[in-house]
Amino acid sequence: MTQFKSELLITLEERGFIKQISKPEALDARALEGPITGYIGFDGTANSLHVGNLTMIMVLRIMQKTGHRPIALMGGGTSMVGDPSFKSTDRPMLTLDDINQNLVGIKSIFAQFLEFGNPDDKNDPKAIMANNADWLCELNYMEFLRDYGVHFSVNRMLSFEGVKNRMDRDQHLSFLEFNYMILQGYDFLELNRRYGCDLQIGGSDQWGNILNGVELTRRVDGKEVFALTTPLLETASGQKMGKSEGNAVWLNEENLPAYDYWQYWRNTEDADVGKFLRMFTELSITEIEKLEKAQGAELNDVKKILATEVTKMARGEIAALKAAETARITFETGGLSADLPSIEIEKSEIESGLGILTALVKAGLASSNGEARRHIKGGAVRLNDQIVKDERLTLMLEHLNEQQVVKLSIGKKKHMLIKPV
RNA sequence: GGGGGGAUGCCUGAGUGGUUAAAAGGGGCGGACUGUAAAUCCGUUGGCUAUGCCUACGUAGGUUCAAAUCCUACUCCCCCCA
């Protein structure tokens with residue numbers, strides 16, 4: 001294991017962000033010399049980002065905090081093609097408009113984590129948001145082939161892990177998709193030319209693609225740039241990160257209320273607590289080491305700290321503390337917090353008798369009447385903390401409590417308030 | 001371009017005329033146990049105004065009392081040869 005000297009690599013290392021580095025010593029030395037410009041690519045296919053992207057965002061944030069310049073590269077160009085690896089879906093190609101609209105949403109999330117500056121000012125040390133559509137869409141095929149295609153060895157590309165796997169499993173790999181890695185390599189070269197970018201960071205599955213860019217930049221412009229990958233993030237029990245109730249855990253309030261975001265982190269597995277504290281909070285390492293000593297049920301308090309810290313960053317301190325308090329009231333005192341996620345329903349609808357099934361669906365606790373019915377049968381549904389046994393029960397104004405709301409729950413963890421208006 | 005194989009529910013994958021809303025596993029969800037954890041066990045997993053009805057086995061037609069299952073065309077994928 002290399003002993004790093006630069007604050008950047010030391011921090012990334014101790015927080016568990018490093019899986020592989022192309023030339024660790026040289027990169028370390030470069031980081032000591034002066035600010036590095038590093039980039040990570042993000043998909044522009046959704047209007048938001050989720051917990052699965054958080055690792056990358058945190059790496060960019062660490063770059064900025066240690067005095068380097070991060071670039072968030074939107075895959076506007078590559079999204080136009082659509083990722084062909086999901087070949088079953090025949091999904092419509094995203095238009096430039098869609099992508100640009102998505103980028104607006106994504107940018108607002110980044111703004112929570114990074115400080116952006118003026119991309120045209122070479123001396124502005126703040127973060128940059130770039131879009132590869134700006135250069136990929138203007139490429140001329142013949143020129144591109146002659147200028148850059150010549151530097152790619154098919155033999156070599158075939159030997160990359162990702163490609164090899166596909167071949168071994170006899171899985172279709174289109175030429176389009178094969179070109180992905182070339183375009184990504186070109187991105188690196190282009191970012192180096194535009195912003196002096198010397199580092200590309202990505203998930204460990206990106207290793208081969210990143211190296212292509214490193215190679216290309218060296219061959220074409222004779223510049224040395226670096227690759228760094230982060231470990232693939234899974235929970236200790238091997239689940240993919242970032243799904244809760246089958247839905248993505250979004251980083252923005254509009255897609256997921258702070259309370260639910262807080263809950264996601266509160267429900268972290270014991271074995272992941274230390275890892276997550278390191279990666280997703282900015283508590284000091286000594287502090288984290290202290291917290292990690294907690295055993296068994298004591299870990300519950302540490303999980304609360306984790307949840308609050310992580311929520312602070314994405315949603316701000318006020319929202320985080322409020323979420324923590326709401327959870328405390330709900331789970332620890334059995335009381336009713338008015339800050340639980342809620343929906344508003346017309347008062348007249350309740351007056352005329354709102355079926356419990358419909359209410360559950362409206363509250364988003366069940367996706368269909370059938371599912372709501374099954375939950376009632378399974379004894380999972382509660383109305384104001386009373387188990388509901390009758391699926392024909394109707395909500396009436398008498399069900400409103402002192403605070404003029406009705407609390408609907410499914411299971412022990414999911415609660416919604418219904419507010420008549 | 002020639003020959004062969006295939007497309008099934010969230011995913012993998014059985015099913016080759018009626019008993020099939022479709023085996024099995026995974027995943028999801030709920031329950032028990034706990035610590036709002038993991039592991040384990042149990043239940044559940046198309047929709048509806050529900051002893052019935054509708055939608056569903058790549059797409060469009062056809063045969064049949066009856067089709068995921070048979071026929072025709074189309075689309076897409078895989079393999080072998082060129």
Side-chain angles (χ1 to χ4, degrees), chain A residues 82 84-92 165-177 234-249 259-277 291-292 294-308 310-311 323-335 337 340-341 352-361 363-382 385 387-392 394 408-416:
Chain A
S85 63
F86 296 99
K87 54 191 156 108
S88 56
T89 50
D90 267 1
R91 83 182 106 147
N165 281 346
R166 294 281 284 272
M167 308 278 263
D168 290 348
R169 282 183 295 160
D170 284 340
Q171 255 181 28
H172 173 72
L173 177 72
S174 69
F175 184 63
L176 178 70
E177 194 170 4
E234 286 183 335
T235 68
S237 48
Q239 298 298 306
K240 258 185 237 145
M241 279 287 290
K243 289 278 164 103
S244 160
E245 294 148 41
N247 299 313
V249 180
Y259 170 81
D260 290 318
Y261 190 73
W262 191 93
Q263 278 298 319
Y264 174 77
W265 293 100
R266 170 63 184 84
N267 284 297
T268 295
E269 294 177 28
D270 287 8
D272 287 326
V273 171
K275 182 165 81 176
F276 289 178
L277 281 171
L291 292 172
E292 278 177 321
Q295 289 298 314
E298 288 168 9
L299 269 171
N300 280 333
D301 290 326
V302 180
K303 288 180 191 178
K304 287 178 214 161
I305 295 171
L306 170 69
T308 304
V310 176
T311 307
E325 178 60 10
T326 303
R328 192 187 66 79
I329 294 172
T330 307
F331 287 96
E332 290 173 31
T333 71
S337 165
L340 279 171
S352 59
L354 177 64
I356 182 80
L357 299 177
T358 315
L360 285 165
V361 173
L365 293 171
S367 58
S368 67
N369 286 6
E371 187 184 326
R373 199 171 271 128
R374 271 179 245 126
H375 277 127
I376 289 177
K377 222 177 275 174
V381 175
R382 281 160 209 265
D385 297 316
I387 290 188
V388 174
K389 296 197 192 79
D390 180 9
E391 62 183 53
R392 272 163 314 194
T394 50
L408 258 188
S409 318
I410 281 208
K412 296 202 174 87
K413 296 189 193 174
K414 285 187 267 180
H415 310 284
M416 277 296 257

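- When each of A:A327 and A:L357 is assigned the nucleotide of RNA chain B with its nearest heavy atom, A:A327 is the one assigned upstream, toward the 5' end.
- The residue A:T330 sits apart from the nucleic acid: no heavy atom pair falls under 4.0 Å.
- Within 4.0 Å (heavy atoms only), A:E298 reaches no atom of the nucleic acid at all.
- Distances shorter than 4.0 Å separate some side-chain N or O of A:K414 from OP1 or OP2 on B:G30.
- The side chain of A:K412 sits closest to B:A32 out of B:A32, B:C29, B:U36.
- Scored by the side chain to side chain donor-acceptor pair (under 3.5 Å) test, A:S367 finds A:E371 as partners (sequence neighbours excluded).
- Counting any heavy atom pair closer than 4.0 Å across all strands shown, A:A271 reaches no nucleic acid atom.
- Base contact: A:K303 has a heavy atom under 4.0 Å from a base atom.
- Here B:G43 sits opposite B:C29 as a Watson-Crick or G-U wobble pair (both hydrogen-bonding atom distances under 3.5 Å).
- Without hydrogens or angle criteria, A:T358 side chain to A:L354 main chain gives no donor-acceptor distance under 3.5 Å.
- Comparing B:G30, B:U36, B:G35 by their nearest atom to the side chain of A:R266 picks out B:U36.
- Here the side chain of A:N369 is nearest to one of B:U36, B:U49, B:G47, namely B:U49.
- Take the nearest nucleotide of RNA chain B for A:N300 and for A:G379: the residue whose nucleotide is more 5' is A:G379.
- With distances taken from any side-chain atom of A:R374 to the nucleotides B:A37, B:U36, B:U45, the minimum falls on B:U45.
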